[in-house]
Amino acid sequence: ITMETQVSNGPSGTSLPNGPVISTNGSTDDSKTNLIVNYLPQNMTQEEFKSLFGSIGEIESCKLVRDKITGQSLGYGFVNYVDPNDADKAINTLNGLKLQTKTIKVSYARPSSASIRDANLYVSGLPKTMSQKDMEQLFSQYGRIITSRILVDQVTAGISRGVGFIRFDKRNEAEEAIKGLNGQKPLGAAEPITVKFANNPSQKTGQALLTQLYQTAARRYTGPLHHQTQRFRLDNLLNASYGVKRFSPITIDSMTSLAGVNLTGPTGAGWCIFVYNLSPEADESVLWQLFGPFGAVTNVKVIRDFTTNKCKGFGFVTMTNYDEAAMAIASLNGYRLGDRVLQVSFKTSKQHKA
DNA sequence: TCGGATT
């Protein structure tokens, strides 16, 4: 039974226990007081959130939305004011406010409803030349777009990574967009795009979650002392690596002269490392174990054959900090893992050499 | 012997 059915015949202004005021048409009417706030800084706390929006006027309720497992902020929240005028004032004064690296967005929240859930799409294979506006234009034929984004390379600042997100107002609009656009080539594009429902933010591996937690904690509490500690630890690791057997001793300096390396840079958030000569049985955990000791690892991937599901002999590791990535490469290139000698280097952007 | 990408 839905809430609407329960209260639709009740008198105007019926209050449910602990609940909002229900209007005669059966829906809560907080459309003029309830706001959604997006693009909050990752480290903002519930208290800071409440304090910021409480400075505008009396708050009926507010909630910073956090990950169920880690408790980490998901970067957005809701504020319900008592007075609609305060909600209006909050939009006018706080929308577009720059907090740290983020520009927050403050707008009226859409009424909570099952039909607006799971309406978020993940799009990949986009032409690098396609702008956010182009993408919106392509998708807008299927419904009302609430938010959209194209992910860009962090260093070249602005080059599209060819992947993005589109949130529709309604789930059925998102479904239609998948039917209409998945596997299709946009106007004049060479490759078809992939359109599917986006993952939830908390669908990472346990290890990746731990890494993210660790990194967030490190960012929050780090200081000069911590940095020095980290350096000291890396020096120890480097010294320890002298004992590693190598079939091809190589220095970081000599690596930079290798073909393709000059094209290397951090993609997304970190430095991508190519690991070759993994066994067919290799899995992600071996990469975490090999690279984790050198510093912050955000992602590992073992490339497998689609049909056999066996490792194709190589994988990728993304590390946040250049120094740590360089140290891992210097230490693990030539490392003997079982009966194999690993080759480890920064990933090149070349397809492959003949 | 260099993928796929999850705000």
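Note on naming: letters A, B, ... go to the chains in the order of the sequence lines (proteins, then strands), and numbering restarts at 1 for each one.
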Please give, in whole Å, the distance from B/dA5 P to A/Ile193 CD1?
14 Å

Where at least one partner belongs to residues 178-197 of chain A, residue pairs that pass ring-ring contact (aromatic ring centres under 6.0 Å, His included), sequence neighbours excluded
none

Remember a base hit wins even if backbone is also touched, and classify A/Phe314 as base, sugar-phosphate or nothing at under 4.0 Å, heavy atoms.
sugar-phosphate

Taking the minimum atom-to-atom distance to the side chain of A/Phe274, which one of B/dT6, B/dT1, B/dG3 wins?
B/dT1

Per A/Lys128 side chain, nearest of listed nucleotides B/dC2, B/dA5, B/dT6:
B/dA5

Just the rounded figure in Å: distance from P of B/dT7 to CG of A/Asp67.
12 Å

For A/Arg304 and B/dG4, what is the distance between atoms CZ and P respectively, to the nearest whole Å?
12 Å

Qualifying residues under salt bridge (Lys or Arg N to Asp or Glu O under 4.0 Å), relative to A/Lys98, sequence neighbours excluded:
none

Applying ring-ring contact (aromatic ring centres under 6.0 Å, His included) as the test, list every pair that has at least one member in residues 44-69 of chain A; sequence neighbours left out.
A/Phe49-A/Phe53

Given B/dA5, B/dT7, B/dC2, which nucleotide is nearest the side-chain atoms of A/Val163?
B/dA5

Name the orientation class of the two ring planes belonging to A/Tyr322 and A/Trp271 (parallel below 30°, tilted from 30 to 60°, perpendicular beyond 60°).
perpendicular

Output the rounded distance in Å from OH (A/Tyr276) to P (B/dC2).
9 Å

A/Phe316 side chain: which of B/dT6, B/dG3, B/dT1 is closest?
B/dG3

Within this structure, what is the CD-to-C1' distance between A/Gln72 and B/dT7, rounded to whole angstrom?
14 Å

Whole angstrom value for the distance that separates P of B/dT7 from CD of A/Glu136
19 Å

Starting at atom CZ of A/Phe165, determine the distance to atom C1' of B/dT7, rounded to an integer number of angstrom.
5 Å

State which residues pass salt bridge (Lys or Arg N to Asp or Glu O under 4.0 Å) with A/Arg171; sequence neighbours excluded, sorted by chain then number.
A/Asp118, A/Glu175

Side chain of A/Lys347 only, heavy atoms from C-beta on: which candidate in B/dC2, B/dT7, B/dT1 is closest?
B/dC2

Using a 4.0 Å heavy-atom cut-off across all strands, classify A/Lys102 as base, sugar-phosphate, or nothing.
nothing

Mind telling me whether A/Tyr76 and A/Phe78 have parallel, tilted or perpendicular rings, with 30° and 60° as the class edges?
perpendicular

Picking from B/dA5, B/dC2, B/dT6, which would you name as closest to the side chain of A/Ser345?
B/dC2

Spacing between A/Leu342 atom CG and B/dC2 atom C1', to the nearest angstrom:
15 Å

Tell me which residues in residues 113-123 of chain A lie within less than 4.0 Å of DNA chain B, going by non-hydrogen atoms.
A/Asn120, A/Tyr122

For residues 93-126 of chain A, which residue pairs pass the ring-ring contact (aromatic ring centres under 6.0 Å, His included) check, not counting sequence neighbours?
A/Tyr122-A/Phe165

